[in-house]
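We number each residue from 1, following the sequence as shown. In listed order, ligands and their atoms are each counted from 1.
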Amino acid sequence: MTTTEQPPTDSMRRFDELLRADEKIEPRDWMPDEYRKTMIRQIAQHAHSEVIGQQPEGNWITRAPSLRRKAILMAKVQDEAGHGLYLYAAAETLGISRDELNQLLHTGRQKYSSIFNYPTLSWADIGAIGWLVDGAAITNQVMLTRTSYGPYARAMVRICKEESFHQRQGFEIMVTLTRGTDEQKAMAQDALDRWWWPSLAMFGPPDADSTHTEQSMAWKIKLETNDELRQKFVDMTVPQADHLGLRIPDPDLVWNEERGHYDFGEIDWDDFWQVVKGNGPCNRERIASKVRAWNDGAWVREAAAAHAERQRRRAAGNGGSNGRSSGRDRDTEVRR
Ligand code: BYC
């Protein structure tokens, strides 16, 4: 990982000026070590969440109720893999390798979102994840399209476009179920009951307990706090639940005319911290599957590296004029 010595003061001044002018910090720019560490932590955690987040939904690909649903779910899960790749690439611009990031995840030294440690028990959970989890993710990520680190902000623009399709596919599953039989309506309500509170907790601890918010706001990494984003999500989602004819599982939920927002009940933060510490219902299973997939894929990484090395050697042995292999080389390769 890159380390930076004591900065010359004009580097520091330029960093502050870029932030003040709402310009992006780019990989070539000097940045404080702590800014770099925070960006690596957050982008890595985000990338890991996208990758681990494939598991709860992947679990339903073989059981999706129709060919159309299966095709849509497969496309969504593939999108999550793609998001992970853009984000790992963004993290790599900060001087850490993808291998290191994977090791940090596999050994529990980096986190992924708490939300992916809950099980997907019924098809309605796939609707609830799209509607609520992707809905919460977009609320947070729209803010991140304006975050101060350039490669992260740019990755977010594309990710948000795809997430908004994900959110709509989830909501459409919920619409279908709530217009269906009594049993389907009950399934939709049960999924909302189980995913509501974990979705609210996904935004992170209350501002008063958030270790990073103050500094991250000063660096314009975060532009809104955990509580502000959570409130935005509640205000947006309650009318959607009304439209579906579903009941939010919160007796304290009430519209507050004065504030112009919904008031809502207390989140179970003990449960959240248990999950973050590794004791949620599916933490062990999620990491074990991830490590297994990494180990099973070792031969692919080795083959790709060997192929790249061979290409490099060929190009070097080709007069070094333009670094490309000749048409003749390519023909030989194809025949082999
Ligand atoms: N889960 O000071 P705070 C998706 C940790 S995936 C676990 O507020 P910060 C999708 C936090 O790391 C999209 N840990 O932190 C994929 C910190 O601990 P450390 C996921 C959490 O960073 C597949 C401590 O609590 N989105 O959409 O300022 C299928 C104190 O927190 C959580 C992102 O990753 C949590 N929920 O703010 C479907 C967004 N919350 O690191 C959908 C990017 C907090 O000091 N990340 N912690 O040990 C962020 O925006 C911020 O990192 C957070 C937390 C708002 C999450």
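- Met143 does not count as a contact of ligand 1, since none of its heavy atoms falls under 4.0 Å from the ligand.
- More than 12 heavy atoms of other residues, nucleotides or ligands lie within 6.0 Å of CZ in Arg41, so this atom counts as buried by the packing criterion.
- Side-chain contact of Asp270 with Gln274: a donor-acceptor pair under 3.5 Å is absent, judged by distance alone.
- Glu163 counts as a contact of ligand 1, since one of its heavy atoms falls under 4.0 Å from the ligand.
- Taking a cut-off of under 4.0 Å to the non-hydrogen atoms of Ala137, the atoms of ligand 1 that pass are 27 (O).
- For Arg247 and Trp196, the positive end is not near the middle of the six-membered ring at less than 6.0 Å and at most 45° from its axis.
- An N or O contact shorter than 3.5 Å is missing between Lys76 and ligand 1 by distance.
- No heavy atom of His83 sits closer than 4.0 Å to any atom of ligand 1.
- With atom 39 (C) of ligand 1 as the reference point, the heavy atom nearest to it among Asp227, Asn140, Thr38, Asp209 is part of Asn140.
- At a 3.5 angstrom cut-off on N or O pairs, Trp273 does not count as close to ligand 1.
- Not counting sequence neighbours, Asp252 has no partner by the salt bridge (charged side-chain N to carboxylate O under 4.0 Å, His left out) test.
- For ligand 1, the polar-atom distance check against Met202 finds a nitrogen or oxygen pair separated by under 3.5 Å.
- Of the polar atoms of Lys222, at least one N or O is found under 3.5 Å from an N or O of ligand 1, judged by distance alone.
- In this structure, atom 3 (P) of ligand 1 lies nearest to the protein heavy atom Ser210 OG, 3.4 Å.
- Contacts between Pro56 and ligand 1 below 4.0 angstrom, taking non-hydrogen atoms only, are absent altogether.
- Contact of the Arg36 side chain with the Ile25 side chain is not registered, since no non-hydrogen atoms from C-beta on lie closer than 4.5 Å.
- By the criterion of a heavy-atom distance under 4.0 Å, both the backbone and the side chain of His212 are placed next to ligand 1.
- Classification of the Tyr152-His46 ring pair by plane angle, with boundaries at 30° and 60°, yields perpendicular.
- Nearest heavy atoms, Ser113 versus Met202: OG-CG, 3.6 Å.
- With a 4.0 Å heavy-atom cut-off, ligand 1 is reached by the side chain of Glu80 but not by its N, CA, C or O.
- Protein heavy atom nearest atom 13 (C) of ligand 1, with residue, atom name and distance: Gln141 OE1, 3.5 Å.
- In this structure, Arg301 places its CZ atom where more than 12 heavy-atom neighbours from other residues, nucleotides or ligands lie under 6.0 Å away.
- Residue Gln110 places no heavy atom under 4.0 Å from ligand 1.
- Heavy atoms from other residues, nucleotides or ligands lying under 6.0 Å from NZ of Lys24 number more than 12.
- With a 4.0 Å cut-off on non-hydrogen atoms, Leu229 does not touch ligand 1 at all.
- Linking ILVMFWY residues whenever their side-chain heavy atoms come closer than 4.5 Å, directly or via other members, leaves Leu144 and Ile138 in distinct clusters.
- Considering backbone and side-chain N/O atoms, Asp134 never comes within less than 3.5 Å of an N/O atom of ligand 1.
- The two atoms that bring Arg286 and Phe116 nearest to each other are NE-O, 2.6 Å, heavy atoms only.
- In the model, Asn283 has no side-chain atom that pairs as donor or acceptor with a side-chain atom of Lys277 under 3.5 Å.
- Annotation: atom 35 (C) of ligand 1 to nearest protein heavy atom, Ser114 OG, 3.6 Å.
- Ranking protein heavy atoms by distance to atom 32 (C) of ligand 1, first place goes to Phe272 CZ, 3.6 Å.
- Closest heavy-atom approach to atom 44 (C) of ligand 1 within the set Gly170, Gly130, Ala136, Pro205: this belongs to Pro205.
- With a heavy-atom cut-off of 4.0 Å, Glu57 touches ligand 1 through its side chain alone.
- Across Ser210 and Lys222, no two heavy atoms sit closer than the pair OG-NZ, 4.1 Å.
- Of all heavy-atom pairs between Ile72 and Gln169, the closest is CG2-OE1, 4.0 Å.
- Residue Gln141 holds its CD atom at 11.5 Å from OG1 of Thr147, rounded to the nearest 0.5 Å.
- Residue Thr211 touches ligand 1 through backbone and side chain together, judged by heavy-atom distances below 4.0 Å.
- In terms of polar-atom proximity, Gln45 is counted as a contact of ligand 1, with an N or O under 3.5 Å from an N or O of the ligand.
- In terms of N/O distances under 3.5 Å, ligand 1 is not approached by Gln54.
- Among all protein heavy atoms, the one lying closest to atom 18 (O) of ligand 1 is Lys111 NZ, 3.5 Å.
- Contact detail for Ser122 and Met187: the closest heavy-atom pair is OG-CE, 4.2 Å.
- In this structure, atom 53 (C) of ligand 1 is not in close contact with the protein, since no protein heavy atom lies within 4.0 Å of it.
- Defined by atom type and a distance below 3.5 Å, a donor-acceptor pair is missing between the side-chain atoms of Gln240 and His243.
- Only backbone heavy atoms of Tyr112 (N, CA, C or O) come within less than 4.0 Å of ligand 1; its side chain stays farther off.
- Taking a cut-off of under 4.0 Å to the non-hydrogen atoms of Tyr152, the atoms of ligand 1 that pass are 43 (C).
- A tilted orientation is assigned to the rings of His83 and Tyr86, their planes being inclined by 30° to 60°.
- The two residues Phe233 and Phe203 have their closest heavy-atom pair at CB-CZ, 3.5 Å.
- Proximity of Lys277 to ligand 1, defined as any heavy-atom pair under 4.0 Å, is not found for any part of the residue.
- Among all protein heavy atoms, the one lying closest to atom 11 (C) of ligand 1 is Arg41 NH1, 4.1 Å.
- Using a 4.0 Å cut-off between charged side-chain N and carboxylate O, Arg312 and Glu309 make a salt bridge.
- In summary, the atoms of ligand 1 found under 4.0 Å from a heavy atom of Gly53, numbered by their order in the structure, are 23 (C), 29 (C).
- Using a 4.0 Å cut-off between heavy atoms, Phe203 contacts ligand 1 through its backbone alone, with no side-chain atom that close.
- The shortest contact between atom 40 (N) of ligand 1 and any protein heavy atom is with Gly204 CA, 3.3 Å.
- Ranking protein heavy atoms by distance to atom 10 (C) of ligand 1, first place goes to Phe116 CZ, 3.4 Å.
- Close approach of ligand 1 to Ser113 (heavy-atom distance below 4.0 Å) involves ligand atoms 1 (N), 36 (N).
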